[in-house]
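When a ligand or atom number is given, it counts from 1 through the structure's own listing order.
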Amino acid sequence: MPADPSACLTCGACCCHFRVSFYWQEAEQRGLDESKLVQITPWRVCFSGTESQPPRCVHLEGSVGTHAACRIYEQRPHPCRELQVGDEKCLKARAAHGLPPLET
Ligand code: SF4
Ligand code: SF4
């Protein structure tokens with residue numbers, strides 16, 4: 001059974017752990033705000049803040065481990081959609097922020 005997606009509401013760790021990069025055309029197709037993107041190659045962009053150390057996506061609202069919400073949930077690009085609650089990346093991000101593994 002997959003982990004409970006409601007865990008994300010008090011987490012947000014993955015939005016503060018990985019660089020969220022994608023092809024510029026996806027940004028255009030999803031109508032993403034250009035001012036919140038950083039060009040990383042001639043063809044790829046990432047969300048501002050996710051290229052920093054420590055990373056924190058500009059679109060994340062709240063505090064990791066307490067309350068978290070994505071301000072552009074409906075427009076989020078494929079790296080955000082592919083990461084699934086309870087998968088390897090999720091657990092890696094949670095562990096890096098001192099959060100326990102999820103019950104499945
Ligand atoms: S790290 Fe996992 S539980 Fe936390 S917000 Fe991301 S997908 Fe949800
Ligand atoms: S766009 Fe939303 S889901 Fe994706 S990293 Fe930023 S806050 Fe997280």
Backbone N or O of [Y] within a donor-acceptor pair of the [X] side chain at under 3.5 Å?
X     : Y     : value
Arg44 : Thr41 : no
Gln39 : Pro42 : yes
Arg94 : Gly98 : no

Which protein non-hydrogen atom lies closest to [atom], naming both residue and atom, and how far is it?
atom                    : result
atom 8 (Fe) of ligand 2 : Cys15 SG, 2.3 Å
atom 4 (Fe) of ligand 1 : Cys11 SG, 2.3 Å
atom 2 (Fe) of ligand 2 : Cys70 SG, 2.3 Å
atom 1 (S) of ligand 1  : Cys14 N, 3.5 Å
atom 5 (S) of ligand 1  : Gly12 N, 3.3 Å
atom 6 (Fe) of ligand 2 : Cys57 SG, 2.4 Å

Is Cys80 close enough to atom 4 (Fe) of ligand 2 that one of its N, O or S atoms comes in under 2.8 Å?
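Checking Cys80: at least one N, O or S atom is under 2.8 Å.
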
Carefully, step by step, assess Cys14 and Lys89 under the rule side chain to side chain contact (heavy atoms under 4.5 Å, CB included).
CA-CA 8 Å; Cys14 56; Lys89 284 181 121 181; over 6 Å; no

Heavy atom under 4.0 Å from ligand 2: found in Tyr73's side chain, backbone, both, or neither?
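No part of Tyr73 comes within reach of ligand 2.
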
Check ligand 1 against Cys8 and write out every atom of the ligand that is under 4.0 Å from a heavy-atom position of the residue.
3 (S), 5 (S), 7 (S), 8 (Fe)

Residue Cys90, metal atom 8 (Fe) of ligand 1, N/O/S under 2.8 Å
no

Indicate if Trp24 and Phe47 have the same hydrophobic cluster label, given that clusters are the connected sets of ILVMFWY residues with side-chain heavy-atom separations under 4.5 angstrom.
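Linked, Trp24 and Phe47 end up in one cluster.
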
Do Val20 and Leu37 sit in the same hydrophobic cluster, where Ile, Leu, Val, Met, Phe, Trp and Tyr count as joined when their side-chain heavy atoms come under 4.5 Å apart?
yes

Subset of ligand 2 atoms that lie under 4.0 Å from at least one heavy atom of [X]:
X     : result
Leu60 : 7 (S)
Phe47 : 1 (S)
Val20 : 5 (S)

Short N-O contact, Glu61 and Arg71, less than 4.0 angstrom:
yes

So that I can tick it off, tell me whether Glu88 and Lys92 are bridged by a salt bridge, with the cut-off set at under 4.0 angstrom between side-chain N and carboxylate O.
no

Where does Leu83 meet ligand 1, judged by heavy-atom distances below 4.0 Å: at the side chain, the backbone, both, or neither?
side chain

If you count heavy atoms of other groups shown closer than 6.0 angstrom to CD of Gln25, is the number above 12?
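Atom CD in Gln25 is crowded, with more than 12 foreign heavy atoms closer than 6.0 Å.
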
